[in-house]
Amino acid sequence: MSHSIRVRFAPSPTGPLHMGGVRTALYNYLFAKKHGGTFILRIEDTDQTRFVDGAETYIQEALDWCGIVPEEGGKAGGEYGPYRQSERSDLYQREIQRLINSGAAYKAFDTPESITAKRSGAKGAVWQYDSTTRMSMRNSLSLSSEEVEQLEAAGHPYTVRFKMPDSAQEVLVQDEIRGEIRVSTHVLDDKVLMKTDGFPTYHLANVIDDHHMEISHVIRGEEWLPSTPLHVLLYDAFGWPVPKFAHLPLILKPTGNGKLSKRDADTGQFPIFPLEWNDPLTGDTSMGYREQGYLPEAFINMILLLGWSGGNEEELYTLEEAAEAFNLKRVVKAGARFNPEKALWFNEQYLRKGDTNRWVLPLKSAAEGKMESWSDPQCQAVLDMFLERVQFLHEIPAKKYLFTAPDSYDEKVVRKKWRPETADYLKELAEVLRGIDSFDSATIEREFKGFLEARELGFGAVLPQFRLVLTGTGGGPSMFDFATFIGKKATLHRLEKGVAALS
RNA sequence: GGCCCGUUCGUCCAGGGGUUAGGACGCCAGGUUUUCAUCCUGGUAGCAGGGGUUCGAAUCCCCUACGGGCUACCA
């Protein structure tokens, strides 16, 4: 067996991946990158009843968008495939037979109804299929071998269960994040390993696959911690080495109690999915971070810090930096309550980072055709004016005054700033501007200031009003830049139009 | 109910025997600025409670409380 680091992200295609799942994938990915290991995507589709059309594609696309690209998996290929559990049935059949032969597992012919009956019959206490009850059930331990043969020959469906030790023993789980966890087998039940439909349950499939795929570290959500002792026992029963485990804390709802769940998508307050999801069954649409205008780097950075920190005050990480800094030991043990407001802040940070020209194409695409005919310098000028004033790129093309003269003016601003003498000032300003040959920001500013000085006016007496007639609003980018952007002709036109409308 | 995990500002994350308990988001105030933002400065607010151990506990141990997870022929 090789000693290389191999980790996997193993979602089941029962719906879209939410933030928690993406974070699990991210931590696996970072861990692999950090150690020069391999990140594998495995699809756990052993429950045929919960299959959701499009879910697997969604998972792939979501990971692609985030930049968490598997090096091995259905799409990427690899030596350890197939990477879809529904295609690995032969292996599971072969391996479970070994467990039955060795006595570590047994066949159980009980119907779901008979088990339900036992459960509801147990007043007070919780009924469990375990060493204390199994001999009163119909299985290959309680029945004679003739009876078992007959049942099988008659095509009686059966499950295969793990046989917990008769006498209690302590199972030790070593967790990379939580340390040692000890559980007594006497509280564990005889879990179903193979269902009547011939498909393995999660417990069996994940152990077999992790072994055969030579997974070195199992990094998964905390919800698996309680069944890890069973998994350890399974490795032992197979005679296989036990991989390292790391159980990640859960992501909690922003408000209220409980872990974040797909139901939280319905509140419509904030996205919980990376990409928009159209439910094929209900026809409902749940919003996605991508569609809301979040940048993948911002989204990834946000979930990175939801349960991990580098131990310092660094908050901005590229994927590469995160891979360099990542360390399982620094994963926080407690569940993290997700805070949508911070997601906004991360997006702003990434929008303002680096050269503005990297947003030219994204801006055009966010404009949905409205900026199709714009030149790159035009786009760049707009980005320079707006990037530090918006949280999302799509807010920029939503500014109507970028395209046309305003046909209405913010009433509040009019009330506060429009004075009887304003119209005259603006008419005079128009004449000053008309006289400028080189209509650039610096010249406009110089002339504007010269005009104020000559008339002994303050900025407050003219500039907000100038802005009002040009944009219809009380806030926005530098007016000198903006006037330059729309040009002399449009500037004069808007001035004239505004003065006429407001006088 | 049982088992397991957890608990530092409202939220996220540092600190891990001696700290004025630090940073970020948010919020508030001030400054810069032609408005709005950006940016800068400051403020707000926290070690769940109780017992130990110790000269000294937010930090180590125990109990309680609270939160979370699991307890399916789901993953």
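Per chain, numbering begins at 1; letters A, B, ... match sequence-line order.
A salt bridge between A:E297 and A:R358 is present, with a side-chain N of the basic residue lying under 4.0 Å from a carboxylate O of the acidic one. Using a 4.0 Å cut-off between a side-chain N of Lys or Arg and a carboxylate O of Asp or Glu, A:R467 and A:D410 do not qualify as a salt bridge. Between A:R42 and A:D210 a salt bridge is recorded (basic side-chain N to carboxylate O distance below 4.0 Å). Taking 4.0 Å as the cut-off between side-chain N and carboxylate O, A:E395 and A:R389 do not count as a salt-bridged pair.
Rounded to whole Å, atom P of B:rC13 lies 10 Å from atom NZ of A:K342. In this structure, the CZ atom of A:R337 is 7 Å from the P atom of B:rU11, given to the nearest Å. One interatomic measurement links the two molecules: CD of A:Q85 to P of B:rC73, which rounds to 18 Å at whole-angstrom precision. Atom pair A:E223:CD and B:rG68:P shows a separation of 15 Å (rounding to whole Å applied). Note: CZ (A:F346) to C1' (B:rU11) measures 12 Å, nearest angstrom. Regarding A:D130, its CG atom lies at a distance of 14 Å from the P atom of B:rC3, rounded to whole Å. To the nearest angstrom, P of B:rG67 lies 16 Å from CG of A:L250. Rounding to whole angstrom units, CG of residue A:L172 and P of B:rC4 are separated by 14 Å.
For A:P11 and A:L188, each mapped to the nucleotide of RNA chain B holding its nearest heavy atom, the one lying further toward the 5' end belongs to A:L188. Of the residues near RNA chain B, A:V192 and A:L252, the one whose nearest nucleotide (by heavy atom distance) lies more toward the 5' end is A:L252.
Across the C1' atoms, B:rG46 and B:rU59 are found 15 Å apart, a figure rounded to whole Å. A distance of about 23 Å separates the P atoms of B:rC60 and B:rG23, rounded to the whole Å. For B:rG10 and B:rA72, the P atoms lie 37 Å apart once the distance is rounded to whole Å. Comparing the C1' positions of B:rG16 and B:rG42 gives a spacing of 30 Å, expressed to the nearest Å. The separation of B:rU64 from B:rU7, taken at their C1' atoms, amounts to 13 Å, rounded to a whole angstrom. B:rU44 and B:rU53 are spaced 36 Å apart, taking the C1' atom of each and rounding to whole Å. When the C1' atom is used for both B:rG49 and B:rG67, the distance is 15 Å, rounded to whole Å. Across B:rC13 and B:rU8, the matching C1' atoms stand 10 Å from one another, rounded to whole Å.
In a base pair of the Watson-Crick type (N1 to N3 plus N6-O4 or O6-N4) or a G-U wobble (N1-O2 and O6-N3), with each distance short of 3.5 Å, B:rG10 is matched with B:rC25. Across all strands shown, B:rC47 forms no Watson-Crick or G-U wobble pair with both distances under 3.5 Å. Both distances falling under 3.5 Å, in either a Watson-Crick or a G-U wobble arrangement, place B:rG67 opposite B:rC5. Under the Watson-Crick and G-U wobble criteria, each requiring two contacts below 3.5 Å, nucleotide B:rU53 is left unpaired. Across all strands shown, B:rC36 has no partner, as no Watson-Crick or G-U wobble contact with both distances under 3.5 Å is found.
The side chain of A:K333 has B:rG6 as its nearest neighbour among B:rG6, B:rC25, B:rG69. Taking only side-chain atoms of A:R119, from C-beta outward, the nucleotide of B:rA72, B:rC4, B:rU7 with the closest atom is B:rA72. Across B:rU71, B:rC4, B:rC12, the shortest atom-to-atom separation from the side chain of A:I181 is found for B:rC4. With B:rA75, B:rG26, B:rU38 as the choices, the nucleotide that has an atom nearest any side-chain atom of A:D47 turns out to be B:rA75. Side chain of A:E313, nearest nucleotide from B:rC3, B:rC5, B:rG23: B:rG23. With distances taken from any side-chain atom of A:V126 to the nucleotides B:rC25, B:rG22, B:rG1, the minimum falls on B:rG1.
Within the nucleic acid shown, A:G307 comes within 4.0 Å of sugar-phosphate atoms alone, with no base atom in reach, counting heavy atoms only. As judged by a 4.0 angstrom heavy-atom cut-off over every strand, A:R330 is placed among residues touching the sugar-phosphate backbone only. Counting any heavy atom pair closer than 4.0 Å across all strands shown, A:R178 reaches sugar-phosphate atoms only and no base atom. In this structure, A:D481 reaches neither bases nor backbone, as no heavy-atom distance under 4.0 Å exists between it and the strands shown. Counting any heavy atom pair closer than 4.0 Å across all strands shown, A:T49 reaches no nucleic acid atom. At a threshold of 4.0 angstrom between heavy atoms, the contacts of A:V332 are confined to the sugar-phosphate backbone, with no base atom among them. Residue-level contact check: A:P477 touches the bases, meaning some heavy atom is under 4.0 Å from a base atom. Across all strands, A:G474 comes closer than 4.0 Å to base atoms (heavy-atom distances). Within 4.0 Å (heavy atoms only), A:T201 reaches sugar-phosphate atoms of the nucleic acid but no base atom. Within the nucleic acid shown, A:P112 comes within 4.0 Å of at least one base atom, counting heavy atoms only. At the heavy-atom level, A:F448 lies nowhere under 4.0 Å from the strands shown.
An OP1 or OP2 oxygen of B:rA75 is reached within less than 4.0 angstrom by a side-chain nitrogen or oxygen of A:K195. Distances shown here put a side-chain N or O of A:K259 below 4.0 Å from the OP1 or OP2 atom of B:rC70. Side-chain N/O atoms of A:R50 include none lying less than 4.0 angstrom from OP1 or OP2 on B:rA75.
Ring geometry for A:Y58 against A:F273 counts as perpendicular: the plane angle is over 60°, on a 0 to 90° scale with 30° as the lower cut.
With hydrogens and angles ignored, no donor-acceptor pair closer than 3.5 Å exists between the side chain of A:S227 and the base of B:rC70. On a pure distance criterion of 3.5 Å, no polar donor-acceptor pair joins the side chain of A:R389 and the base of B:rU38.
Considering A:Y401, A:F466, A:Y409 as possible partners of A:T471, the one that fulfils the side chain to side chain contact (heavy atoms under 4.5 Å, CB included) test is A:Y401. Of the residues A:L328, A:L304, A:N327, the one that meets the side chain to side chain contact (heavy atoms under 4.5 Å, CB included) test with A:L30 is A:L304.
Judged by the 6.0 Å and 45° rule, A:R455 forms no cation-pi pair with A:Y425.
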Original post:
A:K259 and A:E222: salt bridge (charged side-chain N to carboxylate O under 4.0 Å, His left out), yes or no, with the steps?
Top reply: CA-CA 11 Å; A:K259 66 170 175 174; A:E222 193 185 2; over 6 Å; no
